[in-house]
Asker: 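Quick one: this structure, given as structure tokens, is what I'll be asking you about.
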Amino acid sequence: MIRWLVLALAAGPAMAEVQFIDRSGDLPVQHIYSGGWEHFVGGGVAVLDCNGDALPDLYVAGGTAPARLFVNATASPGAALRFALGDAGGLTDVTGAYPLDVDGDGLLDLVVLRVGGNVMLRGQGDCTFRDATEEWGVDPGAAWTTAFSATWEGDNALPTLAFGNYVDRDDPEGPFGTCDDNRLLRPEGRRYGAPIALSPGYCALSMLISDWAGTGRRDLRVSNDRHYYVREGAEQMIPLDTLQPLTEAEGWPRLMLWGMGIASRDITGDGLADVMLTSMGDQLLQFARPGGRYENAPYGFGSYVQRPFTGDDGRPSTGWHAEFGDVNNDGWDDLFIAKGNVDQMPGNASKDPNNLLIRTPDGPFTDHAAAAGVASPARSRGAALVDLNLDGRLDLVVVNRRAPLEVHENATEAVGNWLALDLRAEGANTRAVGAWIDLRLPGGRIETREITVGGGHAGGQAGPHHFGLGQADGAEVRLRHNGQVTPWRRLDANARVTLRLTGEGDLLIAGR
């Protein structure tokens, strides 16, 4: 705590109170994630630039209603948020989606999670997509898919794909105790081989492939819904080399949650990826320690937020999507948590406002959701913190079950400086998935961030990577990837910069 405080004092004056403007009513149509019990979970949003204009667009799950594509039509940097309705293809039973350049052509594609058969949509570069599921050899399955993660292994031309499945709907003994197996797809050349069952499955609701221990080995973390656990079910860590879940004897402590979402970010400054796990009843922040160990954050850190902070409903909260992001650019990552009752579960709060936890200089979080205007009491599910109008401030998107999609424009005054890093890499892995960004501020403090695909709840985004700088007028940046470490590159503040990682391990500043 003392080190955090000293660094914060050097960052400059305190930032203004965080404030958002609700732009939901300006969307071209009202969008609601709808459906019965198969859509109690899910409800994600994929954020990607689907037409190359640098403005982030939104592909939003619809449940039994069609998924929708909202194409960003904001007039200029800093202007009021505006969207046009794009062609999402009319897919129904969509639970979520993740952007990913699957085929390495430089254009972002969409991995669409569904109840009854997943779909791979190939981006055309103009915010239209075509179904490439069969072309890429992806077995869509017929499961109730609710989680996803991906990475590149070795020199493969295509990424490895992990799909997390929920209840086995075909089991006549269900739904309780009938969690489906998860599946891993590995490429065989330019197409995918047969799915590999990851068994046992414990009703996955979030997955994330990450170099958790900082050793270069990537493991698949699976957060599971204890409500449907079979006997001996728990959270899982699965090394990609063995595909066998780690055991307590191997150093993986037994952890049982009603797990809903995963967020990962180094918030302690030690270069390791800390993890936030949302749950029905608890929100658990764990600090990463050397050797792949984790330590629960102390209660005074302000991250547990296990009950509603407004109203008189004292029943436990239900957390879904969690995401770190510096919403006031003071140089300290904040945390948004989407909350909402599964449906009408009597043991949990029915009016369960979302949390916007602002990081204070000495470490703890304090909740500013109500003052910021984002404490929605709806049944929230997926979400995203993303700079939608390119003004250097992170805006907020929230998907709600049985309530309209929310879009909130960040209107915080007197924010700190910032950088947005848009990464490109040579070869098939065009977005440098699996790389680590090191950002060194004046004075020597280093922020470390791993580039991953997955986590959250049923949705994620594909860059740019936003960093708040506080009062710093710039920073130095390097990348670490596949054993290579690039030279440091100096960047001026308040700019979006395209960085290109070469095959020789150099880092080129390709555009501003």
Asker: Quick one: does N72's side chain have a donor or acceptor within less than 3.5 Å of a partner on L388's backbone?
Answerer: yes
Asker: Using 4.0 Å as the upper bound for N to carboxylate O, is an ion pair formed by D343 and R401?
Answerer: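 Salt bridge present between R401 and D343.
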Asker: Please say whether the positively charged group of R431, taken as NZ for Lys or CZ for Arg, lies over the ring of Y98, i.e. under 6.0 angstrom from the six-membered ring centre and within 45 degrees of the axis.
Answerer: no
Asker: Between the side chains of E409 and R23, is the shortest nitrogen-to-carboxylate-oxygen separation below 4.0 Å, so that they form an ion pair?
Answerer: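 Looking at R23 and E409, the cut-off is met.
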Asker: V167 and side chain to side chain contact (heavy atoms under 4.5 Å, CB included): which partner among D225, T178, D180, V41?
Answerer: T178
Asker: Testing V45, V47, L91 for side chain to side chain contact (heavy atoms under 4.5 Å, CB included) with Y59, which one passes?
Answerer: L91
Asker: Does F336 offer a backbone N or O that forms a donor-acceptor pair with the side chain of N355 under 3.5 Å?
Answerer: no
Asker: Not counting sequence neighbours, list each pair that qualifies as a side-chain hydrogen bond (donor to acceptor under 3.5 Å, both in side chains) and has a residue in residues 316-325.
Answerer: S317-K339, S317-D352, T318-N348, H321-E323, E323-Q461
Asker: Taking the side chain from S149 and the backbone from I209, do they hold a donor-acceptor pair closer than 3.5 Å?
Answerer: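 Confirmed, S149 side chain pairs with I209 backbone.
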Asker: Would you say the side-chain atoms of W144 pair up with the backbone N or O of E38, donor to acceptor, closer than 3.5 Å?
Answerer: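 Side chain of W144 to backbone of E38, a donor-acceptor pair under 3.5 Å: yes, one is there.
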Asker: Is the positively charged end of R445 above the ring of W332, judged by distance under 6.0 angstrom from the centroid and angle within 45° of the axis?
Answerer: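 So R445 does make the cation-pi contact.
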Asker: Out of L55, V29, D57, L58, which one pairs with F83 under the side chain to side chain contact (heavy atoms under 4.5 Å, CB included) rule?
Answerer: L58
Asker: Provide the full list of salt bridge (Lys or Arg N to Asp or Glu O under 4.0 Å) pairs with a residue in residues 370-384, sequence neighbours left out, each pair given once.
Answerer: none
Asker: Between F287 and F301, is a ring-ring contact (aromatic ring centres under 6.0 Å, His included) present by the stated rule, with each step listed?
Answerer: CA-CA 11 Å; F287 297 140; F301 204 75; 5.3 Å; yes
Asker: Please answer whether the main-chain N or O of M260 pairs with a side-chain N or O of H457 as donor and acceptor at a distance below 3.5 Å.
Answerer: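 Between the backbone of M260 and the side chain of H457 there is a qualifying donor-acceptor contact (under 3.5 Å).
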Asker: Should the pair F324 and F365 be assigned to parallel (<30°), tilted (30 to 60°) or perpendicular (>60°) ring geometry?
Answerer: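 Geometry flag for F365 against F324: tilted rings.
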Asker: Does D26 come within less than 4.0 Å of R82, counting only side-chain N to carboxylate O?
Answerer: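 Result for this pair is yes, salt bridge flagged.
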Asker: Give me each pair satisfying side-chain hydrogen bond (donor to acceptor under 3.5 Å, both in side chains) with a member in residues 203-213, each pair once, sequence neighbours excluded.
Answerer: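 Non-adjacent pairs meeting side-chain hydrogen bond (donor to acceptor under 3.5 Å, both in side chains): S210-E450.
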Asker: Tell me which one of T145, T146, D181, N182 satisfies side-chain hydrogen bond (donor to acceptor under 3.5 Å, both in side chains) with N165.
Answerer: T145
